[in-house]
K.L.:
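Here it is, the structure in full.
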2 protein chains.
Amino acid sequence: MTQPLYKVVIDTIVGRIASGALPPGAMLPSETQLGAELGVSQGTARKALSELEARGLVQRAQGRGTFVTVRTPESSLFNFFRLRNPDGSQTIPELVSEHVTRRAATDTEASKLYGTPRDVVEIERVRSLSGVPLVHEVSVVPLPLFAGIADRAPLPNTLYVFYQQAYSCIIVRADEKLRSIPAPAPAAAALGLDRDAPVLSVERIATDVLGRAVERRTSICATHGYSYFVSLS
Amino acid sequence: MTQPLYKVVIDTIVGRIASGALPPGAMLPSETQLGAELGVSQGTARKALSELEARGLVQRAQGRGTFVTVRTPESSLFNFFRLRNPDGSQTIPELVSEHVTRRAATDTEASKLYGTPRDVVEIERVRSLSGVPLVHEVSVVPLPLFAGIADRAPLPNTLYVFYQQAYSCIIVRADEKLRSIPAPAPAAAALGLDRDAPVLSVERIATDVLGRAVERRTSICATHGYSYFVSLS
DNA sequence: GAGTGGTCTAGACCACTTT
DNA sequence: AAGTGGTCTAGACCACTCC
């Protein structure tokens, strides 16, 4: 039941990235160096690096080297913000307002978030597309993992880039539940919608590279002139 | 600018699968045999087979061999029917009614579907979950690729399994656009909804293994007690 | 020119399934 | 026992980037 060597290599590198020892943009050792350092052949080191590239954690370029993937606001939005123009082109959501508060976790929050936290931080935001407020978004993160985050408001537009830069917390996956519902009161008020206007409700659990459920986010989106894009395979 | 050998191997096998020479469930040659047959080393054949496995086109099992992936109604629904119970468990959609008609393609249909077809076949269906009609679904396929399909009604519950078995057309990808809208008249009538009940509109383009846009599907879903699940990464 | 990743080979040994 | 895929090694050559 012993781990294959290439998986040991993968775990080693994931650990270095998750700990911040290898920050975004850092160059990794070459295949040969990595193999020598960890006592495996170049081919085995290569297999590990290729799998990390497939996971999106590093990027490789012939002649240049292997680098820890840098998350820019653009790449983060591309992956995790699915509201697009009808032709599929990106739209950048602007921040209209933000409220960051620290509070006790509800029972569901405690049960769904990593570490069953007693306290959480709630980030409530209204976002607009092309100047029109269309998204009401409430993100909840466990306080222990994000110590001091409430004092750093206002937060940057793209939270996942911020999580990585400030807390070495790398979001790699988001599981979402979508429903079509009449606009709930707080969202209707924030977005200036009729009480029963149809809106898209998106409930998200975001998971980091270590497999921890790190954020719970509920978004209410008015899809006027925009669409939520997904690709299934 | 010549193709790497392993890509040649991949294309060879994809061709055999898409042509029906390797039907679902068929066993592929072993790595050694395949290498000998195509004049490459076992390692190169292995790389090709591994990539085909990553694409989901074949399945490999230690000690048994490599097999063309069999699409069952279950696996097809798992991949391409995203409406689930709130806890994430599968729900099997039953067929309530079906109308299959042959007609001329609209301009958008002709422009978006493979081969810019003059004629298409439209499959209109109402589906129910746990006995409640919740989905109104209109699928449009180009007539040339699916000759005679209109005469084979009623069609099976899962169209993609049928496309593969009857036409060697393997759907590997679906791009969807979601919006929340008031129920349109035909869907409201078919599902027994109020005229302005909020529903999920899903517009899908399905693409086959040869990269051809093979089906356009518009679904109207009432998300009463159900949710549309996606995983982003 | 030195260093990087990308492709390809040949061979070894292991774990697993089937007969 | 025979045949399969899974892991691992060692070495070669190529294409590319950067200095």
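Keep in mind that the numbers below use all heavy atoms, side chains included, and drop hydrogens, waters and symmetry copies. Every chain is numbered from 1, with letters handed out A, B, ... down the list of sequences.
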K.L.:
Donor-acceptor pair, distance only, cut-off 3.5 Å: does the side chain of B:T12 make one with the backbone of B:V8?
P.N.:
yes

K.L.:
Ignoring hydrogens and geometry beyond distance, is a side-chain donor-acceptor pair present between B:T66 and B:R60 at under 3.5 Å?
P.N.:
yes

K.L.:
What are the 5'-most and 3'-most nucleotides of DNA chain C lying under 4.0 Å from any heavy atom of chain A?
P.N.:
C:dG3 to C:dT7

K.L.:
Going by atom types only, do A:T91 and A:N85 share a side-chain donor-acceptor pair under 3.5 Å?
P.N.:
no

K.L.:
Please list, by residue number, the residues of residues 33-42 of chain A whose heavy atoms come closer than 4.0 Å to an atom of DNA chain D; answer none if no residue qualifies.
P.N.:
A:V40, A:S41

K.L.:
Would you kindly compare A:Q62 and B:S50 by the position of their nearest DNA chain D nucleotide and give the one closer to the 5′ end?
P.N.:
B:S50

K.L.:
Could A:E124 and A:R217 be called an ion pair, given the rule that one side-chain N must be under 4.0 Å from one carboxylate O?
P.N.:
no

K.L.:
If only side-chain N and O atoms count, and only distance matters, is there a donor-acceptor pair under 3.5 Å linking B:T223 with A:R179?
P.N.:
no

K.L.:
Which residue is it: A:Y167, A:F162, A:Y114? I am looking for the one with a ring pair (Phe, Tyr, Trp, His ring centres under 6.0 Å) to A:F146.
P.N.:
A:Y167

K.L.:
Identify whether the distance between the nearest side-chain nitrogen and carboxylate oxygen of A:E98 and A:R152 falls below 4.0 Å.
P.N.:
no

K.L.:
For A:R46 and A:G63, take the nucleotide of DNA chain C holding the closest heavy atom to each; which residue's nucleotide lies nearer the 5' end?
P.N.:
A:G63

K.L.:
If you look at every strand shown and take non-hydrogen atoms under 4.0 Å, does B:T32 touch a base, only sugar-phosphate, or nothing?
P.N.:
nothing

K.L.:
Side chains of B:T44 and B:S41: any donor to acceptor distance under 3.5 Å?
P.N.:
yes

